[in-house]
Protein chains: 4
Amino acid sequence: MSYKRSFLMEERLADNRQRILKAARALVAEGGFNHASIAAVAASAGMSAGAIYRYFPSKSALFVEVLTSAIDHEIAILQAIVQGEGDVTARLRACVESFANRALEGPYLAYAFIAEPAEQEVDEARLLGRIRFGEVFKSLLIEGIEKREFPAQSIDIGAACIVGAFTEALVRPIAPRAKRDGRAELVEGIVAFCLRAVGAKIF
Amino acid sequence: MSYKRSFLMEERLADNRQRILKAARALVAEGGFNHASIAAVAASAGMSAGAIYRYFPSKSALFVEVLTSAIDHEIAILQAIVQGEGDVTARLRACVESFANRALEGPYLAYAFIAEPAEQEVDEARLLGRIRFGEVFKSLLIEGIEKREFPAQSIDIGAACIVGAFTEALVRPIAPRAKRDGRAELVEGIVAFCLRAVGAKIF
Amino acid sequence: MSYKRSFLMEERLADNRQRILKAARALVAEGGFNHASIAAVAASAGMSAGAIYRYFPSKSALFVEVLTSAIDHEIAILQAIVQGEGDVTARLRACVESFANRALEGPYLAYAFIAEPAEQEVDEARLLGRIRFGEVFKSLLIEGIEKREFPAQSIDIGAACIVGAFTEALVRPIAPRAKRDGRAELVEGIVAFCLRAVGAKIF
Amino acid sequence: MSYKRSFLMEERLADNRQRILKAARALVAEGGFNHASIAAVAASAGMSAGAIYRYFPSKSALFVEVLTSAIDHEIAILQAIVQGEGDVTARLRACVESFANRALEGPYLAYAFIAEPAEQEVDEARLLGRIRFGEVFKSLLIEGIEKREFPAQSIDIGAACIVGAFTEALVRPIAPRAKRDGRAELVEGIVAFCLRAVGAKIF
DNA sequence: CATGAATGAGAATTCATTCAT
DNA sequence: TATGAATGAATTCTCATTCAT
C-alpha cells in the first residue's frame, strides 16, 4: 500500500463518513428522525444501504453521532464565549445571541436537539446533550453570582430554564416549513428575557 | 331505528371513542408513541383493531387527538387560573406551579408535549399545542404589562420563553427512567425564574 | 361471536398452523434448514410472510416446533412398543424396525434429526431430541440387563450408540437425492447390528 | 519470469492457500460454519477478502475443502492403524479409540462431520466423508470376517453403524457448551459397544 | 497481483390498514 | 356492525462477491 494510495483512500473514506453524516443531518432537519431511514440516508449520500454499515455499526450509532457532533460543535462555540472577555452579563448575552443566530441560519440543530427520537440510544444522547448545554450556562450563572452581577438563585434550574427558553422561542421559527422573519427582534427579545430571568443588573 | 335506539347507539359510539382515546393516552404515557401500536390500543380498549378505524381514519389522526385533547385539558386548567382571582403575578405563579405539579405527577403529558412524534401530522399538532400554550401566557403578560405589574417587553417571545423554560426544567425529571426528587424546590425554582424573567416586582 | 363462527374460525386457524408446520417440514426435508426461509415457508403454505408471525413468534420457534413435534411423534410410537408385549430383545428389534421403516418412507425426520441447524434454539432442541431418543433405548437396556437378556454394560453409552448406529445407517439412503433400495435387508442388517451390540442372546 | 521466480511464486501461492484453509478450519472449530464469514477468514489469514477468491472460486468451495481435508487427515490416521500390526479386533479398537480421543481433544472435526452445513455443496461433501469413513471400517470388517475373528454379517451396514455409533456417542460431549468428563470410560464404553456389535470374540 | 470499499440481493421482523365473514 | 386474520410494504442489517485502484 503506497503512501499516496493510502492517503487518497483515507481521504475518500473520511469523505464518505462525512457525506453520510451530512445526509443524515439534512434528513433529520427536513423530516425528523423517522424520515431518515438507512435507505434514505444512503440514497441521499449517493451510496448503497449496506455501505453505511462500513462506517457505522448501527442506525442508532449513526444518529447518536449526528446529534452528538452537532451538540459538540455548538458547545465548543458557547464555551469559547464563556471563557472569553467581558462581564458575565455580556457573555451570557453573547451565548444566547450566538446560538439563536446559528439556529435561525441552519435550523436543524435546535430542532434535533428538541426532538424525541425513536431509538433509546439516541434518546439518551439527546438528554445528555441537554444536560451538557445546561452545564455551559451553569458555569456562567455561578460566575455571575460570585461576581455579584446576578442575585443568588437556583443554578441547576436556572440553567435548564435558559436552555428551554431560547430553545422554545426558536422552535416555531425553525420548525420545518415555517417562515423566519424579524430575526433581530426575536434574538433581542430572547436575550432580554434571559437576562431579566437571571437578574442581570442592566434592566 | 327508534329515537331511543339511535340515542343509545350514539352514546355507545361516543363511549368507544373515549375508550380508545383513554387507552391510547395510557399507552403513550407508559412507553411513548412507539409503544402504542393500533393492536395494543385496541387490546387495551377491549375491542378489535379494525374497530379503531370506525372512529379514527388513521393512526395519525388518533394520536393527533390524543395529544390535542391532553393539551386541551391542560389549557382549560390554566385558563381557569388565568381568569381567576388575584394579581397577575400570583396567577402566573399559580399557572406554572399547577402545570409543573401535574407534569411531575403524571409525566406523560409534558413528555409527549415536548416529544417529537413519529408522524408528521402529530408533529404539527404538537407545534400547534405549543403555540396555544403560549397564548395562555401571552394573555397574562398583556394584562401584567397593562396593570404595570410587569415592565414593557416582547409578549410573543416572552410567552414562548416561559413555556420553554418550565418545559425544559421538567424534561429531565419527567424523562422515562429518571428519578423525581426535590419537587417543591424544583417548582419554586422554576416559578422564581419565570417571575424574574417577566420582571414581576416581588423580586 | 356465534358458536359456529368461532368453531369455523378456530378450525381455520388450526389448519393454517398445521399448513405452516407441514410446509416448513417439507422444505427442511428437501433442502435443510437453510433452504427454509420464512418467505419460502409462507409461499409454500400459501400465505404471506407476515402471516407466519400470527402463529409463531419467530423463525426459531417455528423450527423448534417442527423438530420437536416430529420427534414427539416418533418417540410416542417407540414408547408404545417399549411398553408393549414380548421380551426385551423383541421389543428392541421392533423399535429399530419401526423407526427405520418410517425413516425410509418419509425421510425428513431422520434427516432433520441429524442436521445441525443455524439457530441456536433449534440446535438445542435437536440435542434434546437426541437425548430423548436415547432415553427410550436406555429404558430397554435397563430392562434387558435386569432380565438377563443382555449382559451388564454401559447404559448411557449403549443407548447413544444405538441411536447413532441406526441413524447413520439410514443417512445415506434417506439423504436428499439418494436412491432407496434393498429396504428389507437394510433394516434387518441394522437390527442385527444393534442386537449383537447389546449382547442379545439370539446371536 | 525465471524458473526460480515462478517456483517461489507457486510456493507462496500454496502457502496462502494453506493459510486460508487453516484460518477457516480454526473459525469453524470456534463457532461453526456460520461463524466463518469470508471477511473473518480473510482477516484471520492476514489477507484481504478479495484475495480468498484467487484461491477458491466460492465460499462453498472453500468449506468443502476445509471439510474434505479434515476428513482426509482423519482417514489417513485410521488407515495407518488399519494397515498396522495386530489382530483385527485390536485394530478396530485402536481406530475407535484414536478417533474418539481426537474428537474429544479438538471437538471441531467430529462436530463439523456430523453437522449439516449451510451450503448444499458442503452437505454433499459431508455425505461423501461419511461414506469414506465407512470404507475404512468396511475393510476391517472384511478382514475380520475372513480371519474368523468376526461372524458373517452385513458389511456395508455394519460399517455405517459403527461410524454412527461412535459419532453419536461423541455428539453430546463434543457439542458446543457441553462438559467433557469421564473420557476414559466413555471411550471404553464406545469401544465395547462396537466390538460386541461386530461379534468380536473377546466378549 | 492484492486490496478492501462498495454493491445488491436477501434475511427476519413489524405493523397500519383492509375486508371476508 | 364488529371482528381479527391476512396482507404487503417497509424496516434494519448481513455478507458473498466484484472491481477500480
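Residue numbering restarts at 1 for every chain, and letters A, B, ... go by the order of the sequence lines.
For E:dG4, neither phosphate oxygen OP1 nor OP2 lies less than 4.0 angstrom from any side-chain nitrogen or oxygen of D:Ser48. Considering only side-chain N and O atoms, B:Arg54 lies under 4.0 angstrom from the phosphate OP1 or OP2 of F:dT1. For A:Tyr55 and E:dA6, the shortest distance from a side-chain N or O to OP1 or OP2 is below 4.0 Å.
Between A:Ala23 and A:Ser44 the shortest heavy-atom distance is CB-OG, 3.5 Å.
Taking the side chain of A:Tyr53 as heavy atoms from C-beta on, and the options F:dT3, E:dT13, F:dT14, the nearest nucleotide is F:dT14. The side chain of C:Asn16 approaches F:dA5 more closely than any other nucleotide in the set F:dA5, F:dT12, E:dA16.
Spacing between atom CZ of A:Arg17 and atom C1' of E:dA5 amounts to 15 Å, rounded to whole angstrom units. F:dT12 atom P lies 8 Å from atom CZ of A:Phe63, rounded to whole Å. Atoms CE (A:Met47) and C1' (E:dA6) sit 8 Å apart, rounded to a whole Å. One atom, CZ of D:Phe56, and another, P of F:dT17, lie 13 Å apart when rounded to the nearest Å. One atom, CZ of A:Arg19, and another, C1' of E:dA6, lie 12 Å apart when rounded to the nearest Å. The CD1 atom of B:Ile38 sits 9 Å away from the C1' atom of E:dC15 (whole-angstrom rounding). Straight-line distance from the CD1 atom of A:Ile52 to the P atom of F:dT11: 14 Å, rounded to whole Å. We find that CD1 of A:Ile20 is positioned 14 Å from C1' of F:dC13, with the value rounded to whole Å.
Across all strands shown, E:dA20 pairs with F:dT3; the Watson-Crick or G-U wobble distances both stay below 3.5 Å. Across all strands shown, the partner of E:dA11 is F:dT12, judged by Watson-Crick or G-U wobble contacts whose two distances both fall under 3.5 Å.
Across all strands, B:Ser37 comes closer than 4.0 Å only to sugar-phosphate atoms, never to a base (heavy-atom distances).
Here the options are A:Val41, A:Ile38, A:Val64, the test is side-chain contact (heavy atoms from CB on, under 4.5 Å), and the partner is A:Lys59; only A:Ile38 passes.
Classification of A:Arg126 and A:Glu121 as a salt-bridged pair fails, no side-chain N sitting under 4.0 Å from a carboxylate O.
Position along DNA chain F of the nearest nucleotide to A:Lys59 versus C:Ala51 favours C:Ala51 as the more 5'-ward residue. When each of A:Ser58 and C:Gly46 is assigned the nucleotide of DNA chain F bearing its nearest heavy atom, the one mapping closer to the 5' terminus is C:Gly46.
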